[in-house]
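Structure first, then comments.
Keep in mind the model is a prediction, meaning the values are calculated, not measured.
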Amino acid sequence: ATGQRTISSFFAST
Amino acid sequence: MFEARLTEGAILKKVLDSVKDLVTDANFEADPTEGFKLQAMDSSHVSLVSLKLHADGFAHYRCDRPLTMGMNLANMAKMLKCASNEDAITMKADDAGDVVAFMFESPGQEKISDFELKLMDIDSEHLGIPDTEYAVTIRMPSAEFKRICSDLATIGDTVAISVSKEGVKFSTTGDIGDANVTLRQNSEDDKEKMISIELGEPVNLTFALRYLNSFTKATPLSDQVVIRLSPQLPIVVQYVVVDVGYISYYLAPKIED
């Protein structure tokens with residue numbers, strides 16, 4: 001199965 | 001105060017059509033030097049849209065201090081729909097105001113419309129997008145990318161994009177069968193038909209077609225789309241409006257559990 005990551009797991013909050 | 005006039009108001013209409021299905025409420029930022037910007041995530045926080053209209057892309061631009069304007073994009077779209085494609089559009093807001101005004105002017109100035117949209121307070125998370133060298137940069141006709149995404153979405157839910165020396169392959173699998181579309185670099189002088197693939201290292205990533213299809217709402221903004229990929233990183237799908245600005249979409253890849 002494949003899962004969907006969130007975009008905020010790649011880019012840090014500023 | 002903030003005041004910005006786009007002679008080609010249709011660009012603002014198209015920009016809004018490119019984001020309103022992905023994002024419900026968003027903060028537009030007007031900046032004295034940078035221009036008119038927006039960064040927002042979709043409600044599932046899977047994708048992010050970043051758009052910018054450069055200050056010097058406007059026929060007139062005045063912004064005394066940075067201004068954040070929270071808008072419901074569906075409501076903003078309702079107002080911009082009332083502008084004709086040939087109209088010039090001017091946006092105006094006071095620094096401490098709670099509305100943004102849109103003025104539409106017909107080319108012969110025989111019709112002037114004023115609309116005021118109520119602003120909202122929106123809590124939004126801003127993400128820092130690092131300047132990264134991507135392993136692959138693909139430039140292709142935006143209509144071709146739209147066609148591939150919509151075709152593959154009739155077969156499956158996800159697309160595997162694999163890029164190698166052979167070209168770029170878009171693959172999907174569904175209940176009824178499989179589909180593969182391969183594009184190769186061409187030597188078209190006609191910029192609208194050009195396909196170019198800059199390959200640093202081969203990449204193979206899987207993405208949800210639903211989001212890619214939503215990104216292709218920006219197709220009317222540009223004849224070409226730029227797609228950037230790196231292993232284990234979000235895809236970037238960018239539409240550049242020459243001399244005016246750009247809209248970039250980021251989508252997190254699917255990963256094997």
Report task. For B:D123, look at atom CG and say whether over 12 heavy atoms of other residues, nucleotides or ligands are found less than 6.0 Å away. Result -> no
Query raised in the report: Can any side-chain N or O of A:T14 pair as donor or acceptor with the backbone N or O of B:H126 at less than 3.5 Å?
Result: yes
Query - Pairwise side-chain contact, A:I7 with B:L48, heavy-atom cut-off 4.5 Å (strictly under) - result: yes
Query raised in the report: What's the spacing between B:F207 CZ and A:Q4 CD if we round to 0.5 Å?
Result: 9.0 Å
Query raised in the report: Do B:P253 and A:F10 touch side chain to side chain, with heavy atoms closer than 4.5 Å?
Result: yes
Query - Over 12 foreign heavy atoms within 6.0 Å of CD, B:E125 - result: yes
**Report entry** Neighbour count above 12 (heavy atom, 6.0 Å) for B:N180 CG
**Finding:** yes
Report summary line: Here the gap from B:L127 atom CG to A:S9 atom OG, rounded to the nearest 0.5 Å, amounts to 10.0 Å
